[in-house]
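Worksheet: one structure, shown below.
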Amino acid sequence: MKFISKIKDKHLQDIVKGGSINFLFYALNIVVVYLLSIFISKIYGPEVYGRFAIIKSLILILIIFSTLGLNTLAIKLSSNEKYFNDGTFKSDFLVKSYAIIIITTVLISILILFNRQLFASNVFKDNLLEDYFYLFPIILISAVLLNYNSNLFKGQGRVILFSVISSFLPNIILLTALYLIYKFSNQGEFYIVLCLALSYLFVLILSFFYVFPLKWDNVVTKVKAKSLLLRSYPMMISASMIYLIFSVDTIMLGMLETSENVGIYRIVSQVSSVISVFIIVLGTVVGPKISKLYANNEISEFKKLIQNSSKILFYISFPLLILILIFAYQILGFFGTSYQKGHTSLIILSVCQFLFVVTGFVDIILNMTGHQKIFGKITIFTAALNITLNLIFIPKYGINGAAMATGFSIVLNNLIGLFYIKKKLNVITLYLPLQKSKSP
């Protein structure tokens with residue numbers, strides 16, 4: 001805390017302090033995720049872990065389409081004093097958002113449930129996935145609503161609550177449940193998806209205790225559902241494309257490769273994603289600040305915030321890249337010798353993750369400054385490119401092809417956004433240690 005008190009810039013203090021708190025739980029979550037990966041991989045094997053990875057990737061993608069971008073909009077609205085201030089809701093955006101999200105999620109869940117055999121056999125060519133789809137409606141509905149509540153907490157500045165609720169608690173419950181079931185009952189693969197469903201459902205119920213009862217202003221502004229969707233739709237496009245860029249490789253490997261290779265690649269992705277941990281962690285604090293400073297026309301502070309946060313990202317992510325490049329083979333060997341086949345793909349993804357991180361908070365800046373439509377167009381282009389490259393590279397190069405396609409796409413996505421931000425907002429999100437710093 002003495003180190004934080006020596007930092008003169010208030011916003012930088014908040015980033016370091018809030019980021020440190022968020023990182024504590026995010027780091028714990030990473031440990032839990034890796035323990036979960038090791039447990040499933042070693043006890044059940046790469047094939048089972050591959051099926052688990054496919055389901056998790058589907059959830060990430062379907063969350064975006066189920067929320068229609070309202071989850072991203074929740075961050076912006078709940079950090080805006082016109083809509084939410086000092087624990088009090090000044091508009092009914094929350095109630096309208098819940099209604100829309102529940103309807104869309106239920107419809108998608110029913111569609112998947114009644115077509116579970118088609119998805120398992122024809123799409124992913126793995127009949128054993130059908131058992132996972134029996135409980136998929138519970139998983140999806142719980143995950144979607146939990147994601148919305150988490151983003152609501154993020155916008156409200158409830159950093160610790162967001163960090164615990166969003167991912168740490170569901171994962172620790174899942175790991176504990178799986179371990180206990182295996183230890184005392186030695187049950188089969190179906191219990192993985194059962195525990196996954198129950199973990200999401202339990203944490204969702206817990207999250208509602210922090211949402212309700214709602215505190216309303218004396219005069220509540222009525223927001224039309226159509227108005228919300230018009231604002232959230234561009235965010236859905238950009239967010240969905242980002243998730244597609246990061247998750248479509250796993251889905252397409254499930255369609256074009258074996259479940260075993262999906263499991264290996266999933267471990268590779270998780271190891272390389274350690275480099276991008278801090279862009280997610282700090283984004284929790286930076287996002288609402290960017291929105292507030294820009295809305296209040298505090299442009300000088302807005303630019304300084306972006307430049308300082310980019311500098312932090314560089315100096316944290318670079319050492320992580322070096323460590324992974326040096327010990328890539330040993331790290332994968334920890335999960336099992338079969339995972340060392342992913343050595344080359346780990347190198348590719350790690351370098352690209354680093355380049356993605358040092359280009360800064362491109363998505364947050366564009367979404368929080370009213371440029372969500374252009375960011376949507378950028379991500380549509382790079383997502384389409386990613387799918388095309390995966391179709392070309394995976395049949396030829398397997399998991400290395402997936403790494404090349406995804407790595408190139410995520411870097412290109414942020415580079416285009418970086419140039420657009422420079423042109424429209426006159427601020428550079430990229431930090432390089434040799435460049436001369438300019439006062440905003």
Exam field: side chain [X] to backbone [Y], donor-acceptor pair closer than 3.5 Å:
X	Y	answer
Asn414	Thr359	no
Ser66	Ile63	no
Lys96	Lys224	no
Thr67	Ile64	yes
Ser232	Leu68	yes

(request) Could you walk me through whether Phe381 and Leu412 pass the side chain to side chain contact (heavy atoms under 4.5 Å, CB included) test, one step at a time? (result) CA-CA 10 Å; Phe381 167 71; Leu412 181 63; 3.9 Å; yes
For a quick test of reading the model, state the closest non-hydrogen atom pair linking [X] to [Y] and the distance between them.
X	Y	answer
Ser166	Ser150	CA-OG, 3.3 Å
Ile55	Leu196	CG2-CD2, 4.2 Å
Val262	Gly50	CG1-O, 3.6 Å
Leu228	Leu73	O-CD2, 3.7 Å
Ser409	Leu385	OG-C, 4.4 Å

(message) Just to verify, what does Arg116 make a salt bridge (charged side-chain N to carboxylate O under 4.0 Å, His left out) with, not counting sequence neighbours?
(response)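 In terms of salt bridge (charged side-chain N to carboxylate O under 4.0 Å, His left out), with neighbours along the sequence ignored, Arg116 is linked to Glu130.
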(request) Could you go through the side chain to side chain contact (heavy atoms under 4.5 Å, CB included) check for Ile165 and Asn149 one step at a time? (result) CA-CA 9 Å; Ile165 292 291; Asn149 288 350; 5.7 Å; no
(request) For residues Phe93 and Phe84, establish whether the separation of their ring centroids is below 6.0 Å. (result)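 When the ring centroids of Phe93 and Phe84 are compared, they turn out to be at least 6.0 Å apart.
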(request) Would you please indicate if the ring centroids of Phe133 and Phe136 are separated by under 6.0 Å? (result)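 Ring-ring flag for Phe133/Phe136: true, centres closer than 6.0 Å.
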Crowded around [X] [atom1]? As in, over 12 foreign heavy atoms under 6.0 Å?
X	atom1	result
Phe190	CZ	yes
Phe419	CZ	no
Phe202	CZ	no
Tyr329	OH	no
Tyr420	OH	yes
Phe314	CZ	yes
Phe209	CZ	no

Any [X] side-chain heavy atom under 4.5 Å of [Y] side chain:
X	Y	answer
Cys195	Ile181	yes
Phe39	Tyr179	yes
Tyr98	Leu145	yes
Phe119	Ile54	no
Tyr49	Tyr44	no
Tyr200	Ile205	no
Val358	Leu313	no

(request) Evaluate side chain to side chain contact (heavy atoms under 4.5 Å, CB included) for Leu425 paired with Ile306, printing each intermediate quantity in order. (result) CA-CA 11 Å; Leu425 302 176; Ile306 292 172; 6.0 Å; no
(request) Quick one: do Leu320 and Phe354 satisfy side chain to side chain contact (heavy atoms under 4.5 Å, CB included)? Show the steps, please. (result) CA-CA 9 Å; Leu320 293 174; Phe354 173 73; over 6 Å; no
(request) Establish, from distance only, whether the side-chain atoms of Asp249 and Thr406 form a donor-acceptor pair under 3.5 Å. (result)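 Side chains of Asp249 and Thr406: pair found under 3.5 Å.
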(message) Checking Gln270 against Ser37: is there a side-chain donor and acceptor pair closer than 3.5 Å?
(response)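 Short answer, yes.
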Let me confirm one number: the [atom1]-[atom2] distance from [X] to [Y], rounded to the nearest 0.5 Å.
X	Y	atom1	atom2	result
Gln156	Ser78	CD	OG	5.5 Å
Lys341	Ile267	NZ	CD1	13.5 Å
Leu325	Ile275	CG	CD1	7.0 Å
Asp131	Leu194	CG	CG	11.5 Å
Ile399	Arg266	CD1	CZ	14.0 Å
Lys424	Leu366	NZ	CG	11.5 Å

(request) With sequence neighbours excluded, give me every side chain to side chain donor-acceptor pair (under 3.5 Å) pair touching residues 389-398. (result)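 Those involving residues 389-398 are Asn386-Asn390.
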